[in-house]
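This report concerns only the one structure given below.
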Amino acid sequence: MNSNRFGTLSPMPVRTRFAPSPTGFLHIGGARTALYNWLYAKKHGGEFVLRVEDTDAARSTDESQSIILDGLRWLGLEWDEGPEAGGDHGPYYQSQRGEIYERYFEKLKEKDLVYEDNGAVRFRVPDKEIVVDDQICGQVTVNLKETGSTRWDAEAKKEVEANPDIVIRRPDGSFIFHFVNVVDDIEMGITHVIRGEDHLSNTPKHIALYEAFGADLPTFAHIPLNLNKDGSKMSKRDQGALIHEYIENGFLPEAVNNYMALIGWSSGGDRELYFSLDEILADFDLSGVNASNSKFDYDKCKWMNAEHIKALPADKFKEVSSSFIEKAGIDPTDARVPASLELARERSETLADIAKIITPIFTDELAYDQPSVDKVTGKDGISTVVTALADHLEKNSEWKGDAIKASIQAAADSLGQKMGAFMLPCRVAATGSTAGADLVPMLELIGQKRVVERIRNFGTTFLS
RNA sequence: GACCCGUUCGUCUAGCGGUCUAGGACUCCGCCCUUUCACGGCGGCAACACGGGUUCGAGUCCCGUACGGGUCGCCA
């Protein structure tokens, strides 16, 4: 086992871990914990371990595990050891580590630190002050014997007598989280335990276990929690809570990492944008992690994604948007795609927005936005305006930006009106909405014949 | 309820005793750019939870109160 933990002259290699339970989705809080662990390990030339805590057989599922692993990979948080990666400290599923747990359980038995209670097994907690020396929260002192001697009965709303000794094994022989978590961290040589602050109060129990096993303590760092905007706990139902939704909604992993890193951590300066994990890595330090909880702001996350989209090189931009434009029914190999993407880029917060903006370029089956249509058709003389637009655009002999603009101008001149009054009707007739990318380049990409058809069609559909 | 952690603009934060009439970012508002919509530029609104100390001097250190969060499972 970990002989390198003792008597070595060189500093112990840093090993961090992320230990999800495959009972649900990859949550933004969990992903951020994984990110901090990954960053810390990489920052110190160490290793990042993934361990699946599937001791709850009834609730653990393969689907859940796939979602969590896929999410981590999407974010770029590759693990050095763990499921599908292997390593010298496996197995990396708790459900397969029974023999190891038995061995550690025997150690406690030999020291007479466990006893049976109603079929379950309890671990005797020491009657002394245990100090958690936390990298973020400072020194936290707790006496388990004292604090555990009473319990809050939520239903009766009163304190009741309790056994401070913690249950580590169920009557069916399976082991409890606190026990397996500590055993695995010892066995896997984890040097730094970075996890959510909800575990801070559990840490004295873990320390008692480390001491009972005669193992060295890892360094603990409890990071503050992310809450909803209203201060409540984030749950799966909340916007922005689930990593797979970021994937589906057209976020870039770099942007999500950027946002997660900055909620609860700061390099100390004003820097807001980090375009890669490497950039974050250069600045990351546990000392920059805040001690207070933070509230999740989806708007800022979207803004950050928009900034990342703007900064993307053209080829990479095309690559990451392809699945979204395909989903919108656009052929990604269409020659007009690159130019279309650039038109949409500056006004998109997500890749899904991109597809939405450029769709009118590629399909003639426009989804006319009713308020937009009403805004245009409500004007006096709109029929003649639309007809003039179609006539002049049809006569255009050079379908290029300035020439198209000149045609619109000519249409306006023919009725003695200003060009500005013609832009909106033209936009709605040709694209279906008052909102969208620059009109003239859009018309150019749609093509002369189809633009004229759409405008005439608009006239017959809405103005007759 | 007990124990633990926390508290700077609505939100994310900078600030580690004097440089703070508290800086940046998101949101919101206004102006400019633009013959659409955005982007961009400029500007504006907006915070040191409260009360005591310590100190020549406190957003920064200490104590208390209030508020928020967490833990108190044979869940992880």
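Just so you know, these numbers use all the heavy atoms, side chains as well, and skip hydrogens, waters and symmetry mates.
Between B:C74, B:C72, B:C12, one nucleotide has an atom nearer to the side chain of A:Ser294 than all others, and that is B:C12. Residue A:Thr147 has its side chain nearest to B:C3 when only B:C3, B:G69, B:U13 are considered. The side chain of A:Ser266 lies closest to B:A14, out of B:G70, B:C5, B:A14. Candidate nucleotides B:C5, B:U71, B:A2 were compared by shortest atom distance to the side chain of A:Glu159, and B:A2 ranks first.
Rounding to whole angstrom units, CZ of residue A:Phe177 and C1' of B:C72 are separated by 15 Å. Atom CG in A:Asp283 sits roughly 14 Å away from atom C1' in B:A14 (whole-Å rounding). Per the geometry, CD1 belonging to A:Ile166 stands 14 Å off C1' belonging to B:C75, to the nearest Å. A straight line from NZ of A:Lys356 to P of B:A38 spans 13 Å, rounded to a whole angstrom. Rounded to an integer number of Å, the gap from A:Arg122 CZ to B:C74 C1' is 8 Å. Atom CG of A:Asp198 is separated from atom C1' of B:C3 by 16 Å (rounded to the nearest Å). Between the CG atom of A:Asn226 and the C1' atom of B:U13 there is a distance of 14 Å, rounded to whole Å. Rounded to whole Å, atom P of B:G73 lies 13 Å from atom CH2 of A:Trp152.
Among the atoms of the strands shown, only primed sugar atoms or phosphate atoms (P, OP1, OP2) are found under 4.0 Å from some heavy atom of A:Asn290. Base contact: A:Gln409 has a heavy atom under 4.0 Å from a base atom. Among the heavy atoms of the strands, none lies under 4.0 Å from A:Lys157. When heavy atoms are screened at a 4.0 angstrom cut-off, A:Gly436 is found touching base atoms of the nucleic acid. Heavy atoms of A:Asp438 sit under 4.0 angstrom from at least one base atom. The residue A:Thr55 sits close only to the backbone: its heavy atoms come under 4.0 Å of sugar-phosphate atoms, none of a base. Heavy atoms of A:Ile176 sit under 4.0 angstrom from primed sugar atoms or phosphate atoms, though from no base atom. Residue-level contact check: A:Gly264 touches the backbone only, with heavy atoms under 4.0 Å from sugar-phosphate atoms and none from bases. Within the 4.0 angstrom heavy-atom criterion, only backbone atoms of the sugar-phosphate kind lie near A:Asp56; the bases stay farther away. Within the 4.0 angstrom heavy-atom criterion, base atoms lie near A:Ala120. Using a 4.0 Å heavy-atom criterion, one finds that A:His178 contacts the bases of the nucleic acid, with or without backbone contacts as well.
Within the 6.0 Å centre-distance limit, the rings of A:Phe105 and A:Phe175 are counted as a close aromatic pair.
Only the C1' atoms considered, B:U13 is 15 Å distant from B:A46, to the nearest whole Å. Remark: the separation of the C1' atoms in B:C28 and B:G70 is 33 Å, to the nearest Å. Rounded to a whole angstrom, the distance from the P atom of B:C9 to that of B:G15 is 16 Å. With both ends at atom P, the span from B:C39 to B:C45 equals 22 Å, rounded to whole Å. Nucleotides B:C16 and B:G59 have their P atoms positioned 13 Å apart, rounded to a whole Å. B:G41 and B:C4 are spaced 49 Å apart, taking the C1' atom of each and rounding to whole Å. The P atoms of B:C20 and B:U55 are separated by 26 Å, rounded to the nearest whole Å. B:C63 and B:A58: their C1' atoms are spaced 15 Å apart (whole Å).
Within the structure, every side-chain polar atom (N or O) of A:Arg169 is placed at least 4.0 Å from both OP1 and OP2 of B:C74. Contact between the side-chain N/O atoms of A:Arg170 and the OP1/OP2 oxygens of B:A76 is found at a separation under 4.0 Å. The phosphate of B:G69 (OP1 or OP2) has no side-chain N or O of A:Lys295 nearer than 4.0 angstrom.
Ring pair A:Tyr210/A:Phe220 is perpendicular by interplanar angle, where above 60° counts as perpendicular and below 30° as parallel. Ring orientation note: the planes of A:His199 and A:His206 are tilted relative to one another, at an angle of 30° to 60°. Ring geometry for A:Tyr368 versus A:Phe458: interplanar angle of 30 to 60°, hence tilted.
Between A:Arg169 and A:Glu102 there is a salt bridge, since a side-chain N of the basic residue sits under 4.0 Å from a carboxylate O of the acidic one. One finds no salt bridge joining A:Glu187 and A:Arg51 here, because no Lys/Arg side-chain nitrogen approaches an Asp/Glu carboxylate oxygen to under 4.0 Å. Between A:Arg59 and A:Asp56 there is a salt bridge, with a side-chain nitrogen of the basic residue lying less than 4.0 Å from a carboxylate oxygen of the acidic one.
Within the shown strands, nothing qualifies as a pairing partner of B:U54 under the Watson-Crick or G-U definition with both distances less than 3.5 Å. Across all strands shown, B:G73 has no partner, as no Watson-Crick or G-U wobble contact with both distances under 3.5 Å is found. Pairing for B:C20 is absent, with no Watson-Crick or G-U wobble pair whose two atom distances lie under 3.5 Å. Base pairing of B:C31: its partner is B:G41, meeting the Watson-Crick or G-U wobble criterion (both donor-acceptor distances under 3.5 Å). Using the Watson-Crick or G-U wobble rule with both distances under 3.5 Å, B:G59 pairs with nothing in any strand shown. A 3.5 Å limit on both hydrogen-bonding distances identifies B:G10 as the Watson-Crick or G-U partner of B:C26.
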For nucleotides 20-26 of chain B, read 5' to 3', which letter fits each nucleotide if B means a protein heavy atom sits under 4.0 Å from the base, S means only the sugar-phosphate is that close, and - means neither?
-> ---BBBB
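Between A:Pro164 and A:Leu144, the shortest heavy-atom contact is CB-O, 3.7 Å.
With A:Tyr36 as the aromatic partner, A:Arg32 meets the cation-pi criteria of under 6.0 angstrom to the ring centre and within 45 degrees of the ring axis.
A:Arg15 is listed as a side-chain neighbour of A:Val49, based on a closest heavy-atom distance under 4.5 Å. Within the 4.5 Å cutoff, side-chain heavy atoms of A:Ile330 are placed close to those of A:Ile358.
Residue A:Ser292 is the one, among A:Ser292 and A:Pro441, whose nearest nucleotide of RNA chain B lies closer to the 5' end (criterion: closest heavy atom). In terms of position along RNA chain B, the nucleotide closest to A:Ile263 lies nearer the 5' end than the nucleotide closest to the other residue of the pair A:Leu225 and A:Ile263.
One finds the CD1 atom of A:Ile354 at 8.5 Å from the CD atom of A:Glu342 (value rounded to the nearest 0.5 Å).
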Please table the atom pairs, donor to acceptor, closer than 3.5 Å between any side-chain atom in residues 21-28 of chain A and protein atoms at least two apart or in another chain.
{"residue": "A:Ser21", "atom": "OG", "partner": "A:Glu53", "partner atom": "O", "Å": "3.4"}
{"residue": "A:His27", "atom": "ND1", "partner": "A:Gly29", "partner atom": "N", "Å": "3.3"}

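Heavy-atom distances under 4.0 Å link RNA chain B to A:Met419, A:Gly420, A:Met423, A:Leu424 of residues 417-426 of chain A, given in residue order.
Judged by distance alone, the side chain of A:Ser348 and the main-chain N or O of A:Leu351 form no donor-acceptor pair under 3.5 Å.
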